[in-house]
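First comes the structure, then the notes that go with it.
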Amino acid sequence: MRQQENQLLRRQGLVFFGKIVAGQAHEITNVLNVINELAGLQADVLAAVGRERTCNVERLIQVAERIRNQVQRGEALVRSMSRFAHSVDEPVSIFDLKEALEQVVCLAQRPANLAKTALSQEFPARSAVLEASPFSFKQAVLTCIEIALTASSDSRRITVSYRVFDTRIEVAVASADPMTQTPNVLERQAHLALLMRELGGDVSAMSTSEEGHCITIQLPKAGKGARDDDVAIDEHGAEDNHAS
Amino acid sequence: MRADRVLLVDDETEFVETLAERMRTRGLTARTAHSGSDALESVAKTTFDAIVLDLAMPGMDGIETLRLLREADPNLQIMLLSGQATARVAAEAMKEGAIDVLEKPADIEVLINKIKEARANKIMLTEAESREHVDDILKRKGW
């Protein structure tokens, strides 16, 4: 049974990896297509110089600036894809919670856009350190976002947030819409349960027609000494200013 | 003769606005829409010789937009422009009445020639419809 679950996790991990890479590749292609059109526009402006004997320098400068903006956009996408690709390097490593979540929110922007949903993050200023599989962690949070995206047909806003407690962290993915239990959602919930077992954490979900739904995952923090400047909230949820 | 009128539909704003700019410098009247629903609104207000539609768009995708546009006016000449058109999607688009499925990046001259062909097709379809209409009136009046 355990072996079958591990095989399923590996297969789903591969599917997940492929999906993320394909999405990022699509975004990079968009950037290249824009650069291609802008290069064409630059050639059009230069061709007009031959015909009209005047050069619209200002327009050329504007086009160059637009190309630079697209190059920056492309660089950010490549950086994000590279960081994601490296998250499978080590089965378990020490990583920063906030950085990992920022990356997940960035990777999830495309599926959120396609679902016409605004995906935002509400993160406290300080972070925490986790010791787990960064790949499985990102997969778990993205699966929560996917559930939120598919759980409701009219989902318009999803917020990702986290809280740091003395010994654990809590990541919440909240949507204003109540959860609908479609086969697609149930399948993702089963996948999430397997991932959480692998990560050594817990998952819980709350859904009401008034408050929408919220999926929460809880994980233990990395052992003391990994970093001592984490924000501290006691186990009852009260924020504490001293370091944990 | 009036300029060719084209509607470019793509959620990638910078791409579609640049393409429109390039078409305008070539004498076309190019309008843009950034979603399927925007495209439907534009078509309700203005007549276009051709529509160039992106396949992957948020909310209403290219195929669904194509279907709704063709429902609104079966004579609309719509081509799909996509960076990821598979054979299956291309076949589906053609079944739904697209006149062509082009790969991004498409050469602008090729695109403009397709728009000109689309305009000629539309004129033929409209003329054929008008002839049918006149024949129908003549038949009904017994002339």
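In the text below, chain A, chain B and the rest are named by the order of the sequence lines, each starting its count at 1.
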Do other residues, nucleotides or ligands put more than 12 heavy atoms under 6.0 Å from the CD atom of A:E90? no

Less than 4.5 Å to any heavy atom of chain A: does that hold for the side chain of B:A106, its backbone, both, or neither? backbone

More than 12 heavy atoms from other groups under 6.0 Å of CZ on B:R70: yes

Are there over 12 heavy-atom neighbours, none belonging to A:E58, within less than 6.0 Å of that residue's CD? no

Straight-line distance of A:L41 CG to B:R22 CZ, nearest 0.5 Å: 7.0 Å

For B:L19 against A:E37, the heavy-atom pair lying closest together: CD1-OE1, 3.4 Å

How far does CG of A:L114 sit from CG of B:D61, to the nearest 0.5 angstrom? 9.5 Å

I'd like to know whether CD of B:E64 has more than 12 heavy-atom contacts from other residues, nucleotides or ligands below 6.0 angstrom. yes

Flag side-chain contact, heavy atom, 4.5 Å: B:K104 against A:L32: no

Taking atom CD as the centre, does B:E109 end up with more than 12 heavy-atom neighbours from other residues, nucleotides or ligands that are less than 6.0 angstrom away? yes

For a side-chain contact (heavy atoms from CB on, under 4.5 Å) with B:T18, tell me which candidate from A:N36, A:I35, A:L38 qualifies. A:L38

Which atoms of A:N33 approach chain B - backbone, side chain, both or neither, heavy atom under 4.5 Å: both

Quick check on side chain to side chain donor-acceptor pair (under 3.5 Å): which of A:R73, A:Q70, A:R66 does B:E14 satisfy it with? A:R66

